[in-house]
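Structure record follows, encoded as structure tokens.
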There are 2 protein chains.
Amino acid sequence: MNLKQLAQQLGLSQTTVSRALNGYPEVSERTRRRVQQAATEFAYMPSRHAQLLATGRSRTIGHVVPLLRHSMMTPYFSDFIAGAGEVYAEYGFDMLISVVPEAEEETHYRAMAASNKVDGLIVHAPKAVESRIGLLQALEIPFLVHGRAGNPADGYLWMDIDNKRSFERATEFLIDLGHRRIALLNGLEEMNFASRRRIGYSEALQNNDIEIDPSIMFCDDMIEPCGYSRTRQLLEMDEKPTAILTSSVLLAMGVLRALTDCGLRAGSDVSIVTHDDQLSFLHKPGEVPFFTSTRSSINKAGRRCGELLISYIKSRESRPESELWETELVVGASSGPAPSRQA
Amino acid sequence: MNLKQLAQQLGLSQTTVSRALNGYPEVSERTRRRVQQAATEFAYMPSRHAQLLATGRSRTIGHVVPLLRHSMMTPYFSDFIAGAGEVYAEYGFDMLISVVPEAEEETHYRAMAASNKVDGLIVHAPKAVESRIGLLQALEIPFLVHGRAGNPADGYLWMDIDNKRSFERATEFLIDLGHRRIALLNGLEEMNFASRRRIGYSEALQNNDIEIDPSIMFCDDMIEPCGYSRTRQLLEMDEKPTAILTSSVLLAMGVLRALTDCGLRAGSDVSIVTHDDQLSFLHKPGEVPFFTSTRSSINKAGRRCGELLISYIKSRESRPESELWETELVVGASSGPAPSRQA
DNA sequence: TGTAAAATCCAAAGCGCTTTGAAAATTTGA
DNA sequence: TCAAATTTTCAAAGCGCTTTGGATTTTACA
């Protein structure tokens, strides 16, 4: 059943039916009701493509997921997507996801813009040096960066957590507990968030006159096995760290496994503090978290990104304010006072 | 730049240009080359919506993700999507993802079908009793079920792993190691795969004259904390299990954490065998797996599902064969002979 | 009651593409 | 060399919707 047929059924013109359905004021309430009723009765659904051709908008938001970088964002991706997707559904937007080899990324963005497939884009996992932002600005398509790129963080819309402050606080927390030798298991340094976190960590150490030791700072994929192997490596050092700060609960889980393998207990022998994106599959609602962490829900971030981008798309000219979220420091059982030297 | 303008530029008709670009034979090679060259030069991209309106097809595949059930599929989702997405990209298909409250799922499927948004759908996480399949059959839209629904597993296209056989083998493996008291941490029983796994487990026990004890069989969300708390619960029993069989590495990780908390070692004190979907964020390529597992890559499953559905869509009338994959039993360090009674 | 204003409704023109049916140009064969 | 066959190109008709500009009907007011 299409518009024409529906209009015929009702003995009305397509114009009137279209207007009735789309809430235009030029149609009487009586007619509108009649039309709506018929529409549901015949299960009429406008053809999306026709609608979009006619309006020029697509009510679709695109996510371009680079294939190589995917492994580094995969666990976060689904929770983010779930949050964003919910918002899209509420506003009647669709979500288009393209999995693209990193080399073809630029081509893909251009194609997205030219083919009118999406009204806006969300940029994931910005690097420290990020070429996509300039490209999208040139293409004049609304976009939102989840995270931030290098320096000038204005001129585009973004939503990020305060990674630097977050790791500064976490490090200070450990220092306050008496730790002086704190290892950092970070994400890949090329990622923007990772370098911010390193800076926060470094500044906290410096402010407390603790030497920064690159031999206990690592950049890896944020997955469990990396946490494990790095910790094994750390535990073989002469001067073992008394605390390990990690960028992801997955890393922290690897750390934990390594500690256990070596007969050490987290919290008493070695403290673990991690950033926690509150991944849905690692948390049970209401459960007391084991890991001490700086916490910020990636699902909520997804929601907020969706909201911001949609509001941007709708108003078009006036770009919403970018947002910087603070994280929450949650003390769990994985951290404790530094063991005294002689123990 | 649109078709009309491009045609004008070239001094050709839209027809010819369109045909040249779409590889129709009615156009000379010389013209085709000229057209293609101009197209790249002016960065011409056909408007997707116009194209789709004209052809009636959408070159888009939809995934409807139910919100409530999402938490149960979230960690698997992204790896599956990554695999499928790659294939879509190769074939020039788009991927549309809708996150929908479970209650609105049916409405949503209907809307998808009526609005012509997608050429086909992938059904995730089929339940033991699955109403969606009948609905989609009635809507006459091509679809593929990742997994299977209840009884008649024909009449539609699916791709599944042999869950029953898989858990039968895993259980037999443990029995061969001397284990007699084997706990099962399964997914929610309402899910099709979970009931198949339970059956495999039960049959293996029965075939070896081991009593089935419902008090050591659990159905939960397949997340780490559930693995942890169930294991704690199991370890407080009078007759503790000597082996734990789990449906997911995430559960297994929880089991491991609980064992460690209680000063037990996996493999010697208690054996763990798990099903392993080879989630990308739990594996490092080339790494020797810690958990003994029945293994099948969910990413590959995503790829294959994409391929099957696309081939179905393309041929339309002839539905491809559904596929049942065997899993691979991989022996790791988490399993070992049952400890002797007196130890 | 007659007229201006407001409320309804409509026909038709796109949106940018594909595709049909036919025409024009070129090649072939006797 | 000319008609027939083949190749190449084109004009125009959709696809199903929105939206403009105008026509028609109803309401309001003097």
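First the proteins, then the strands, lettered A, B, ... as listed; each starts at 1.
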Nearest-nucleotide check on DNA chain D, A:L3 vs B:P25; residue mapping nearer the 5' end is B:P25
Quiz item: Parallel, tilted or perpendicular for A:F281 and B:F281, by the 30°/60° rule?
Solution: tilted
Item checked: Polar contact flag, side-chain donor to acceptor under 3.5 angstrom, A:S47-B:N116 -> no
Query raised in the report: When you check the side-chain N and O atoms of A:S28 and A:T31, is any donor under 3.5 Å from an acceptor?
Result: yes
Closest to the side chain of B:L12, out of D:dC10, D:dT19, C:dG16, is D:dC10
Between D:dT18 and A:Y24, is there an OP1 or OP2 to side-chain N/O distance shorter than 4.0 Å? no
Rounded to whole Å, the CD-C1' distance (A:Q5 to D:dG16) equals 10 Å
Between A:S315 and A:S318, does any side-chain donor sit less than 3.5 Å from a side-chain acceptor?
yes
* Using a heavy-atom cut-off of under 4.0 Å over every strand shown, decide if A:S18 touches base, sugar-phosphate, or nothing. => base
Out of C:dT19, C:dC17, D:dC10, minimum distance to the side chain of B:T55 belongs to C:dT19
Winner on side-chain proximity to A:T31, out of D:dG16, D:dC10, C:dT8, is C:dT8
B:R30 CZ to D:dT9 P, in whole Å, measures 8 Å
Of the listed C:dC9, C:dT18, D:dC17, the closest approach to the A:Q51 side chain comes from D:dC17
Which of B:R48, B:R59, B:R57 passes salt bridge (Lys or Arg N to Asp or Glu O under 4.0 Å) with B:D94? Answer is B:R48
A:H49 atom NE2 is separated from D:dT18 atom P, nearest whole Å, by 14 Å
The residue, B:A54 or B:E29, whose nearest nucleotide of DNA chain D is more 5′ is B:E29
From CG of B:L10 across to C1' of D:dT8 the rounded distance in Å is 15 Å
The nucleotide from D:dT9, D:dT18, C:dG16 with an atom nearest the side chain of B:N2 is C:dG16
Among the nucleotides D:dT19, D:dG16, D:dC10, whichever has the atom closest to the side chain of A:S47 is D:dG16
Whole-Å distance, A:R19 CZ to C:dA7 P, equals 14 Å
In whole angstroms, the gap separating P of C:dC9 from CZ of A:R34 amounts to 8 Å
If only side-chain N and O atoms of B:T16 are considered, is one of them under 4.0 Å from the OP1 or OP2 phosphate oxygen of D:dC10? yes
At under 4.0 Å between heavy atoms, what does B:N22 touch on the DNA or RNA strands: base, sugar-phosphate, or nothing? sugar-phosphate
Side-chain contact check for A:E26: nearest option of D:dT9, C:dT8, C:dC15 is C:dT8
Heavy-atom nearest pair, A:M1 first then A:Y44, reads O-CD1, 3.3 Å
Separation of C:dG16 atom P from B:L53 atom CG, nearest Å, is 12 Å
From CE of A:M45 across to P of D:dG16 the rounded distance in Å is 16 Å
Taking atom types as they are modelled, would you say the side chain of A:T15 forms a donor-acceptor pair with the base of D:dT20 within the 3.5 Å cutoff?
no
The nucleotide from D:dT19, C:dT19, D:dG16 with an atom nearest the side chain of A:A50 is D:dG16
Closest of D:dC17, D:dT9, C:dC10 to the A:Q14 side chain is D:dC17
